[in-house]
J.: 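Supplied in structure tokens, the structure appears directly below.
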Amino acid sequence: MTTSLWTERALPSDRQPIPLRFGTQVSRRDDEAMQRFRRYGLGQFIHFGLYSILGGEYQGVSAAGGSAAPEWIRAWSGPTAPEGWQGTYDRLNESFDPARLDARAWARQAKRMGARYVIFTTKHHDGFALWPSAHSDYTVRESPCGRDLVGEVVDAYTAEGIDVFLYFSVLDWHHPGYLRTVPATDAERAGWQDFLQYTRAQLLELLDRYPAARGLWFDGTWDASWIASHEFTHALEAELRARRPGLIIGSRFRNDEHGARHFDSNGALLGDYEQGWERKLPANFEMLGGNDWDCVMTIGPNAWGWLRDTRGQYQKTADDLVDLLMRCRSMNGNLVVNFGPDGLGRMTAHEDEIAEHLGAWVAANADAVYDAHHVDLDRTGAGWLTGDGDRLFVTVVNRPVTGILRLRFPAGAERMPISARLLDSGRDLPVRLTDIGFDLDDALYCDVSIPADLEAEHAFVIELALGEASASVGDRIDAWM
Ligand code: FHN
């Protein structure tokens with residue numbers, strides 16, 4: 001992975017807080033729901049909708065270059081776009097019939113992969129609802145499918161012990177009142193008010209119909225019309241929280257009266273967790289400011305919905321995802337891997353493979369993933385550090401050529417490694433504390449030997465048991481200069 005995955009986000013300035021009427025409504029939560037969130041570790045995203053029928057092309061013509069991603073194909077424009085395209089797309093509901101969609105099979109696969117939550121697209125930007133919404137005539141009910149797919153997913157995943165978050169796009173290409181700009185005429189204002197009431201009604205409907213859902217994952221909240229509606233969205237957030245105590249809402253729902261999104265103008269998170277890490281990762285733990293977060297990640301470069309032709313596009317491997325997962329965990333985040341089933345509801349062969357291999361790795365190394373968190377030690381180039389208080393885990397993704405994994409502990413550390421072993425096999429590894437003799441460096445170094453005969457084709461985890469720091473390395477003397 002390259003550093004281009006990392007994002008440098010400016011931390012809020014240290015200027016005096018300003019009075020805000022529509023700033024954050026929450027401070028860091030420690031209730032049971034958020035504690036579960038912190039232990040999810042791995043999640044699954046599922047993008048499924050009308051666009052899944054097409055897979056990024058129509059009648060053999062690819063939309064690549066004419067639309068941003070397969071789930072954006074309705075916005076296809078330019079020379080390759082078919083005549084009357086949007087009308088054609090909008091009628092796809094007439095042929096939407098995912099006969100092979102078996103939510104229980106999806107959920108079993110997600111369970112085997114080790115996912116502890118799923119985020120499911122209830123309504124993407126095209127406005128098509130995957131539940132029979134009473135507030136729309138553009139839903140599964142108006143298609144040959146006729147099934148409540150949101151209900152099937154909520155029930156199936158909940159039965160497997162996987163928490164469900166409902167993805168909901170505010171941006172809606174189907175609703176006649178939706179507009180991107182701030183409404184300027186009476187007709188626009190009336191249409192926009194209709195749209196706001198429809199959005200509110202659908203969200204309350206989702207909470208009422210699916211009480212098992214634990215969170216709402218918002219998208220499409222960047223247009224000027226929504227940003228200007230801060231009074232409405234502030235009230236709606238309060239209403240959603242009152243309707244479902246314990247509900248988790250990410251930071252992408254609304255903004256304050258100055259248009260500040262994700263974080264209000266005083267730098268406070270506008271939700272229960274930071275939701276801005278889409279196909280990117282924080283550069284370091286410090287920049288997260290102690291906020292909860294997740295990273296949503298595609299398997300291909302930028303396709304959330306199914307893409308029929310992936311030739312020439314790098315597809316992340318299970319090894320890539322292990323690396324990303326443990327990088328997230330080392331900074332207390334969850335990794336959410338996106339799956340885009342085809343129009344019949346089938347996962348792709350590559351997704352099946354990812355689920356199997358990632359799942360096998362996670363199962364063998366679960367202790368380092370779920371209940372383990374960030375540890376305040378220097379990074380090692382060999383991989384990612386997590387810990388659970390009694391144990392330190394090093395996920396080795398870059399095996400040192402010397403056969404020695406060296407970790408640096410600050411002087412005065414109360415607990416130091418006393419033994420080491422491979423987490424998956426239990427094989428003991430030699431470990432020793434070393435004063436490497438750097439002048440003015442009062443740190444202690446811990447060297448773990450990785451046996452030359454260890455055959456490893458994938459990342460492996462070294463588990464170090466921590467015990468009372470011993471004085472075994474003796475006193476160090478720094479020179480006066
Ligand atoms: O435009 C969407 C995109 O299609 C996809 O749903 C992703 C998932 O996080 N969100 C949006 C872009 O931020």
Side-chain angles (χ1 to χ4, degrees), residues 5 7 9 40 42-57 63-77 86 89 92 115 117-130 149-150 153 164-175 178 180 199 215-227 248-255 261-262 270-271 273-282 293-308 310 313 316 321 324 328 333-343 351:
L5 280 167
T7 293
R9 179 172 54 74
Y40 285 154
L42 179 63
Q44 180 188 38
F45 212 146
I46 299 181
H47 273 73
F48 188 66
L50 297 180
Y51 47 82
S52 313
I53 300 173
L54 303 175
E57 56 190 65
S67 83
E71 74 283 0
W72 273 75
I73 193 169
R74 184 185 182 275
W76 191 354
S77 64
Q86 292 189 352
Y89 184 95
L92 282 178
Y117 69 130
V118 65
I119 305 168
F120 183 61
T121 49
T122 63
K123 182 192 78 150
H124 203 261
H125 306 333
D126 60 15
F128 183 72
L130 295 190
L149 299 180
V150 176
V153 165
V164 180
F165 280 48
L166 304 177
Y167 166 106
F168 184 91
S169 168
V170 168
L171 166 63
D172 190 312
W173 293 323
H174 192 78
H175 192 284
Y178 188 82
R180 300 186 57 192
T199 299
L216 293 174
W217 202 99
F218 285 102
D219 205 357
T221 53
W222 49 73
D223 281 336
S225 46
W226 185 255
I227 290 174
I248 294 178
I249 299 180
S251 65
R252 229 194 255 197
F253 177 51
R254 66 176 186 89
N255 49 273
R261 303 179 64 234
H262 292 279
L270 280 163
Y273 69 100
E274 194 182 341
Q275 212 199 320
W277 302 107
E278 176 174 319
R279 295 196 300 120
K280 55 176 109 53
L281 285 172
W293 63 283
D294 66 9
C295 162
V296 293
M297 186 59 75
T298 47
I299 291 177
N302 182 22
W304 297 90
W306 178 56
L307 185 61
R308 185 187 299 269
T310 57
Q313 297 199 356
K316 291 180 193 65
L321 294 167
L324 291 173
C328 289
N334 300 319
L335 177 73
V336 184
V337 181
N338 181 69
F339 284 55
D342 71 8
E351 288 166 345

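Counting starts at 1 for both ligands and their atoms, in listed order. All values below were derived from every heavy atom in this structure, side-chain atoms included, with hydrogens, water molecules and symmetry-related copies excluded.
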J.: Anything under 3.5 Å between a donor and an acceptor, one on a side chain of residues 64-72, the other on a protein residue two or more places apart or in another chain? List them.
T.:
unit_1: Ser67; atom_1: OG; unit_2: Ala69; atom_2: O; d: 3.4
unit_1: Glu71; atom_1: OE1; unit_2: Trp304; atom_2: N; d: 3.2
unit_1: Glu71; atom_1: OE1; unit_2: Gly305; atom_2: N; d: 3.0

J.: Any idea which part of Arg252 is under 4.0 Å from ligand 1, heavy-atom wise: side chain, backbone, both or neither?
T.: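 Looking at Arg252 and ligand 1, just side chain atoms fall under 4.0 Å.
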J.: Heavy atoms, side chains only, cut-off 4.5 Å: are Leu92 and Asp126 in contact?
T.: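 They are not in side-chain contact.
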J.: Taking the inter-plane angle between the rings of Tyr51 and His124 on a 0 to 90° scale, is it parallel (under 30°), tilted (30 to 60°) or perpendicular (over 60°)?
T.: perpendicular
J.: Checking a contact table here: which protein heavy atom is nearest atom 5 (C) of ligand 1, and how many Å away?
T.: His47 NE2, 3.4 Å
J.: Exactly one of Leu335, Val337, Val336, Asn334 should register a side-chain contact (heavy atoms from CB on, under 4.5 Å) with Cys295. Which one does?
T.: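 Checked Leu335, Val337, Val336, Asn334 against Cys295; only one passes side-chain contact (heavy atoms from CB on, under 4.5 Å): Leu335.
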J.: Backbone or side chain, does any N or O of Trp217 fall under 3.5 Å from an N or O of ligand 1?
T.: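 Not met; the criterion fails.
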J.: Hey, does Trp304 come in under 3.5 Å of ligand 1, counting only N/O atoms on both sides?
T.: no
J.: Could you tell me the residue and atom name of the protein heavy atom closest to atom 3 (C) of ligand 1, and the distance to it rounded to 0.1 Å?
T.: Glu71 OE2, 3.4 Å
J.: Pull out every atom of ligand 1 sitting under 4.0 Å from any heavy atom of His125, numbered as shown with elements.
T.: 1 (O), 2 (C)
J.: Any idea which protein heavy atom is nearest atom 12 (C) of ligand 1, and the distance to it?
T.: Glu278 OE2, 3.2 Å
J.: Return a yes/no value for Asp219: is any of its N or O atoms, backbone included, closer than 3.5 angstrom to an N or O of ligand 1?
T.: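 Yes, since at least one N or O of Asp219 sits under 3.5 Å from an N or O of ligand 1.
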J.: Please name all residues satisfying salt bridge (Lys or Arg N to Asp or Glu O under 4.0 Å) with Arg252, sequence neighbours left out, ordered by chain then number.
T.: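 Applying salt bridge (Lys or Arg N to Asp or Glu O under 4.0 Å) to Arg252 gives Asp219, Glu278.
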J.: What about Trp76 and Tyr89, are their ring centers closer than 6.0 Å?
T.: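 Centroid separation for Trp76 and Tyr89: 6.0 Å or greater.
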